[in-house]
Amino acid sequence: MTVSRFDWTTAPSSQIATVARSLLGWELSAGAVRLRLTELEAYRGSDDPASHAYRGKTPRTAVMFGPAGVAYVYFVFGMHWCLNVVVEPAGRAAAVLLRAGEVVSGVDVARGRRGLQVADRDLARGPARLAQALGVDGSLTGTSLLDGPIRLGPGDAPVGPILSGPRVGVVGGADTPWRFWLAGDPTVSPYRPHTPRRRR
DNA sequence: CGCAGGATTTGCT
DNA sequence: GCAAATCCTGCGG
């Protein structure tokens, strides 16, 4: 299936999985760091219990209800930022979580942010790691990924097979196979089933 | 290698 | 008050 340059900004929610899959291999750049996306997850709005927008529009999720092509950056577990692309026209919420990538440029800058001991393949291997490698934080929520400080654009099409499976770390919607990744790519994050936290 | 536990803040119930 | 679209470390086999 061919996806032309910016189809994903107008695709209907029924095609969000296709949109997420089609963004594999695209390139994301922020300053000196550029990476090639190797793992993504699709999140829909009101009918997707795993989505932050499931319970409606709040100050936090407001940008998900806005126009496609902007960044939705959220904060989790008191310490990590994760980067999404909003992928539907204003009025309906949906986003694609950018989960992992291969750093193809600016490796030294990315390592400076992530830690000097971090192996190349681990620089952006996971959503919070990817955001940290790019220097992304919540202040970038709402900025355009087509025309802003972070840029998302087409890269070389993936050559190998694309696999899909359940999304990582979610409770509701755990059976929906909306995680997509490049088969065999070393920068794809390890899959961890959701484990409830114990009380203390 | 796998698994378990803890860090640490926010947003919503 | 509690759970969270995670990551890192330490321990055991």
Side-chain angles (χ1 to χ4, degrees), chain A residues 13 16-17 19-21 23-24 28 35 37-66 70-88 92-101 103 110-142 145 150 152 163-181 186-200:
Chain A
S13 61
I16 177 144
V19 171
R21 190 191 288 110
L23 291 175
L24 285 168
L28 187 64
L35 58 79
L37 295 172
T38 58
E39 180 186 358
L40 302 157
E41 283 176 358
Y43 288 86
R44 204 146 65 180
S46 54
D47 61 342
D48 179 3
S51 173
H52 289 165
Y54 182 55
R55 290 180 169 76
K57 189 174 181 177
T58 67
R60 179 206 196 191
T61 61
V63 298
M64 284 182 72
F65 290 81
V70 308
Y72 165 50
V73 186
Y74 68 90
F75 189 58
V76 273
F77 292 97
M79 60 189 93
H80 300 303
W81 297 102
C82 298
L83 173 62
N84 296 256
V85 196
V86 175
V87 291
E88 281 194 23
R92 287 197 310 272
V96 172
L97 172 64
L98 309 181
R99 282 197 58 89
V103 177
R111 181 173 288 113
R113 296 188 177 120
R114 290 271 299 121
L116 299 181
Q117 310 302 321
V118 175
D120 285 3
R121 64 178 304 215
D122 291 329
L123 288 173
R125 190 184 185 210
R129 292 165 165 184
L130 180 149
Q132 187 180 19
L134 291 170
V136 165
D137 66 22
S139 67
L140 290 163
T141 282
L145 293 177
I150 323 169
L152 180 63
L163 300 181
S164 65
R167 292 169 292 184
V168 176
V170 302
V171 182
D175 296 332
T176 306
W178 279 358
R179 173 177 179 240
F180 302 94
W181 67 93
T187 67
V188 172
S189 69
Y191 178 73
R192 299 184 198 81
H194 174 74
T195 53
R197 298 175 74 209
R198 290 186 47 195
R199 288 211 50 210
R200 40 159 298 156

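What's counted below: heavy atoms across the whole structure, side chains too, no hydrogens, waters or symmetry copies.
- Sorted by residue number, the members of residues 49-62 of chain A with any non-hydrogen atom under 4.0 Å from DNA chain C read A50(A), H52(A).
- Without hydrogens or angle criteria, R114(A) side chain to Q132(A) main chain gives no donor-acceptor distance under 3.5 Å.
- Taking atom OH of residue Y72(A) and atom C1' of nucleotide dG11(B), one finds them 10 Å apart after rounding to whole Å.
- For Y54(A), the OH atom counts as loosely surrounded, since its 6.0 Å shell holds 12 or fewer non-hydrogen atoms of other residues, nucleotides or ligands.
- In the displayed structure, D175(A) atom CG is contacted under 6.0 Å by at most 12 heavy atoms of other residues, nucleotides or ligands.
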Worked check of side chain to side chain contact (heavy atoms under 4.5 Å, CB included) between W181(A) and R99(A): CA-CA 9 Å; W181(A) 67 93; R99(A) 282 197 58 89; over 6 Å; no
CA sep, side-chain torsions, deciding dist, call: Y74(A), T141(A), side chain to side chain contact (heavy atoms under 4.5 Å, CB included): CA-CA 8 Å; Y74(A) 68 90; T141(A) 282; over 6 Å; no
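- R129(A) places a side-chain N or O within donor-acceptor distance of the main-chain N or O of R125(A), the cut-off being under 3.5 Å.
- A stem is defined here as three or more consecutive Watson-Crick or G-U pairs, each with both distances under 3.5 Å; for DNA chain B these stems are B:1-7 with C:6-12, B:9-12 with C:1-4.
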Any chance you could list the contact pattern along nucleotides 6-13 of chain C? Use B for base contacts, S for sugar-phosphate-only contacts and - for none, protein heavy atoms under 4.0 Å, 5' to 3'. BSS-----
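- For the side chain to side chain contact (heavy atoms under 4.5 Å, CB included) criterion with E41(A), the lone passing option out of N84(A), T176(A), V168(A), L98(A) is V168(A).
- Side-chain contact between T61(A) and Y72(A) is present, with heavy atoms from C-beta onward closer than 4.5 Å.
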Evaluate D120(A) against V103(A) for side chain to side chain contact (heavy atoms under 4.5 Å, CB included), listing each step before the verdict. CA-CA 8 Å; D120(A) 285 3; V103(A) 177; over 6 Å; no
Under the criterion side chain to side chain contact (heavy atoms under 4.5 Å, CB included), I'd like the reasoning laid out for L28(A) against L134(A): C-alpha separation, chi angles, the key distance, then a yes or no. CA-CA 9 Å; L28(A) 187 64; L134(A) 291 170; 3.5 Å; yes
